[in-house]
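Hydrogens, waters and symmetry mates are skipped; everything else that's a heavy atom, side chains included, is used.
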2 protein chains.
Amino acid sequence: MDPFVALADPVRRGLLVRLARGSARVVDLTAEQSISRPAVSRHLRVLSEAGLVTAEDRGRERHYRLERDGLAVVTDWLATLEQRPRFDESVLDGLDLEVRRTGRDRRTAPDARAAHPSQEDTA
Amino acid sequence: MDPFVALADPVRRGLLVRLARGSARVVDLTAEQSISRPAVSRHLRVLSEAGLVTAEDRGRERHYRLERDGLAVVTDWLATLEQRPRFDESVLDGLDLEVRRTGRDRRTAPDARAAHPSQEDTA
DNA sequence: CGAACAGGTAACCGAGAGGTTACCAATAGG
DNA sequence: CCTATTGGTAACCTCTCGGTTACCTGTTCG
């Protein structure tokens, strides 16, 4: 299960916030969520399959716990996004505009658009 | 628009990854996504409303750019989750189990469950 | 043993997400 | 000026998501 999808639901985020304070049983989690217990149970299953929580059975009750390691895949992805490239194509992009304008006047270098390929032919 | 929801879709994440390399036009983005341009356009709108991208009109084309500041709300939330509480309730939780077991033998302190309130009465 | 409690699953249902095609406006450029 | 290009929007359709109620199993304990 995709952890990004798991985090998209506000109820599930609420459950995670609650579990960040410590493990809890399903009934306890349900009491704070104003939705039915089966709904909470399914949300917990999604979170579990996403690797964001783990469950431990103790007799007739099941204790869910936040699995912080599961957050790594999300934080790592975000970290790569925050890294700006060694050479931002957007400057290329602006440069491209200049070339094209010049091309309009000089009527040369029509291959300027090769910089950002818009292959309509393949589509 | 909820940035968490915006990040839940793999196509949108792909768009963000692409934009992390530099700004791009809609046709360019569409060429890499194997879905129709209107679909890409709507994804971009979602990302824009989530504050994850910004658009700049240049003539007839629109250049989308990654808005790294918009990621902050997500990363911040994740950061709070990763903070373990000064006193984890799960130890309380384990302690609670002891008390309850003792209670079973001694038949005393039935209010032990007050530690984790399961108010069925309110439901 | 039998009642109460904890919790998962199944069946069902309405709303919304995401895809497509068709259409439109605006700009670029021969 | 006329056509191609860019890109947004509308209408439509399907499928999944998230909710509920009903039902079941397993554990606890008087």
Below 3.5 Å is the cut-off: list the nitrogen or oxygen pairs between protein and nucleotides 2-4 of chain C, distance only.
none

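- Inter-residue side-chain proximity for A:L19 and A:L52 is flagged as unmet; no heavy-atom pair is nearer than 4.5 Å.
- Overall bending of the helix from C:dC1-D:dG30 to C:dG30-D:dC1, expressed as the angle between end axes built from five pairs apiece, is 20° (10° steps).
- Under a 3.5 Å cut-off, the side chain of A:R62 and the backbone N or O of A:A55 do not form any donor-acceptor pair.
- The side chain to side chain donor-acceptor pair (under 3.5 Å) search around A:E56 returns none, not counting sequence neighbours.
- Distance alone, capped at 3.5 Å, places no donor-acceptor pair between the B:R18 side chain and the B:D28 backbone.
- Scanning for side chain to side chain contact (heavy atoms under 4.5 Å, CB included) contacts around A:S36 gives A:P38, A:A39, with sequence neighbours left out.
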Side-chain polar contacts of residues 76-86 of chain B - donor-acceptor pairs under 3.5 angstrom, sequence neighbours left out - could you list them?
{"from": "B:T80", "atom 1": "OG1", "to": "B:W77", "atom 2": "O", "distance (Å)": "2.6"}

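- Counting to the nearest Å, the P atom of C:dG7 and the CG atom of A:L44 are 10 Å from each other.
- A distance of 9.5 Å separates CD1 of A:I35 from CZ of A:R42, quoted to the nearest 0.5 Å.
- In terms of modelled atom types and a separation under 3.5 Å, the side chain of B:S48 and the main chain of B:L44 share no donor-acceptor contact.
- By the 4.5 Å side-chain criterion applied to Ile, Leu, Val, Met, Phe, Trp and Tyr, B:V46 is assigned to a cluster that also includes B:M1.
- Per the geometry, CD belonging to B:E61 stands 15 Å off C1' belonging to D:dG8, to the nearest Å.
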Response to the item:
For nucleotides 10-20 of chain C, 5' to 3', base contacts (B), sugar-phosphate-only contacts (S) and non-contacts (-) with protein non-hydrogen atoms under 4.0 Å give -B------BBB
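- Dashed line: the shortest gap from a side-chain N or O of A:Y64 to OP1 or OP2 of C:dG8 is under 4.0 Å.
- In this structure, the side chain to side chain donor-acceptor pair (under 3.5 Å) partners of A:T54, at least two apart in sequence or on a different chain, are A:E67.
- By the side chain to side chain donor-acceptor pair (under 3.5 Å) test, B:R37 pairs with no residue at all, sequence neighbours left out.
- Note: CG (B:L29) to C1' (D:dT6) measures 13 Å, nearest angstrom.
- Annotation: ring pair (Phe, Tyr, Trp, His ring centres under 6.0 Å) contacts involving residues 21-59 of chain B, sequence neighbours excluded, are absent.
- The side chain to side chain donor-acceptor pair (under 3.5 Å) test applied to B:D2 returns A:R13, not counting sequence neighbours.
- Between the P atom of D:dT27 and the CZ atom of A:R62 lies a distance of 12 Å, rounded to the nearest Å.
- Taking atom CZ of A:R58 as the reference point, atom C1' of D:dT28 lies 16 Å away to the nearest angstrom.
- Residues from residues 47-55 of chain B placing a heavy atom under 4.0 Å of any atom in DNA chain D do not occur.
- Residue A:R25 has no polar side-chain atom (N or O) positioned under 4.0 Å from OP1 or OP2 of C:dG7.
- In terms of phosphate contacts, B:S41 brings no side-chain nitrogen or oxygen within less than 4.0 Å of OP1 or OP2 of D:dG7.
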